[in-house]
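Have a look at the structure below before the remarks.
Every chain is numbered from 1 and lettered A, B, ... according to where its sequence line falls, protein lines coming before strand lines. Note that the coordinates shown come from a computational prediction; the quantities given were computed from them, not determined experimentally.
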Number of protein chains: 2
Amino acid sequence: MEEIDRQIMGLLADDGRMSFTDLAKQTGLSVSAVHQRVRRLQKRGVIKGFTAVLDHERIGLPMTAFVSIKPIDPAAPDDAPERLAHLSAIEACHSVAGDESYILKVRVGSPNELEELLQKIRAAANVSTRTTVVLSTPWEGRRPPL
Amino acid sequence: MEEIDRQIMGLLADDGRMSFTDLAKQTGLSVSAVHQRVRRLQKRGVIKGFTAVLDHERIGLPMTAFVSIKPIDPAAPDDAPERLAHLSAIEACHSVAGDESYILKVRVGSPNELEELLQKIRAAANVSTRTTVVLSTPWEGRRPPL
DNA sequence: GCTGAAAGCATCTCGAC
DNA sequence: GTCGAGATGCTTTCAGC
């Protein structure tokens, strides 16, 4: 049962639009049993949703970078995520252990756009930035081991 | 037309299982026109696929870290991605500019598992590692600006 | 590139076990 | 938790513009 749920999640991670009919064939369950399991996994939040995977290079965002930030004033309250949320070029924001406080993953169209974005980040959150430019991505978003 | 494609991609990024019927209603096109556009976006590789978004905490992988790696022998050929690909805990592998050669994003179940993974990474690719543990993730995988 | 219609399938809800 | 069946609704193709 737990095993079948993992199988279903794997199949849906590989093809988020797979039909319940196909899921049923692959798992050996009936269509309605699979249907019920998927709905349950969604309700429990194990499956958070479904999304289209877009090619960043083909939608005008060929450049990726990691931006580590550190507050200028360490005594100030740390509300960087709220202050940065409006910058849609920031795909991810992780609070981290270590010398710096957050690691941001950003996508931009050009070095110029990256420069502008860094200025906006520094101004919005009152932080210093350290940027690591991605040269290529052998893989990304691989499905987790289930 | 370009504009409508972006709208479609946005809708499918937000809900990867949205029906063509709903896409047609949202965009004001006919069902078959939307259908044709989605197929074209997939064929052109702009939409690379569809996937279920899973909650890592609820599938036994509550711990995330970034692992930067650097070759022990800088003269050796750089085939780290091939050597690391079998480690399924590595969700992403980015080649980067800077002092280190790759940044890996990893997901594990516990500090113990992280320690074991780091040993495997060092042994498999003959690299030194520098690990930054993620404490929390305000957001991640946000849809790109279209 | 768009539309509308038609055939074939898939989804989703039942009642029953 | 599972099944099968049925009504509803979706997908996919095609002819026509």
* **Nearest-Å distance for atom pair CG/C1', residues A:Asp15 and C:dA10** => 14 Å
* Position toward the 5' end of DNA chain D (nearest nucleotide), B:Lys25 or A:Leu29 -> A:Leu29
* Structure fact -> From CZ of B:Arg39 across to P of D:dC10 the rounded distance in Å is 19 Å
* Ignoring backbone atoms, test whether B:Ser32 places a side-chain nitrogen or oxygen under 4.0 Å from the OP1 or OP2 oxygen of D:dT11. => no
* Asked: Among the nucleotides D:dT11, D:dT2, C:dT3, which one has an atom lying closest to any side-chain atom of A:Ala33?
  -> D:dT2
* Using atom CE of A:Met18 as one end and atom P of D:dT11 as the other, report the distance to the nearest whole Å. => 16 Å
* Structure fact -> Rounded to whole Å, CG of B:Leu23 lies from C1' of D:dT11 at a distance of 12 Å
* **Nearest-Å distance for atom pair CD/C1', residues B:Gln42 and D:dT11** => 13 Å
* **Heavy-atom side-chain contact between B:Ile59 and A:Met9 under 4.5 Å** => yes
* Asked: Under 4.0 Å between a Lys/Arg side-chain N and an Asp/Glu carboxylate O for B:Glu91 and B:Arg107?
  -> yes
* Structure fact -> Here the distance between atom C1' of C:dC12 and atom CZ of A:Phe20, to the nearest Å, is 9 Å
* Asked: Just to confirm, is there a sub-4.0 Å distance from OP1 or OP2 of C:dG1 to any side-chain nitrogen or oxygen of B:Arg40?
  -> yes
* Asked: Within the structure, does a side-chain N or O atom of B:Arg17 lie under 4.0 Å from either OP1 or OP2 of C:dT11?
  -> yes
* To do: Could you check how far CD1 of B:Ile4 sits from P of C:dC2, rounded to whole Å?
  => 7 Å
* Structure fact -> Minimal heavy-atom distance between B:Ala33 and B:Leu29, with the atoms involved, is CB-CD2, 3.8 Å
* So among A:Asn126, A:Ile103, A:Leu104, which one has a side chain to side chain contact (heavy atoms under 4.5 Å, CB included) with A:Ile69? -> A:Leu104
* Compare side-chain N and O positions of A:Arg37 against OP1 and OP2 of D:dT2 and report whether any pair is under 4.0 Å apart. => yes
* **A:Arg37 vs A:Asp5 side-chain heavy atoms within contact, under 4.5 Å** => yes
* Sugar-phosphate only, base, or nothing, as touched by A:Ser19 at under 4.0 Å among non-hydrogen atoms -> sugar-phosphate
* **Phosphate OP1/OP2 of C:dC12: any A:His35 side-chain N/O under 4.0 Å** => yes
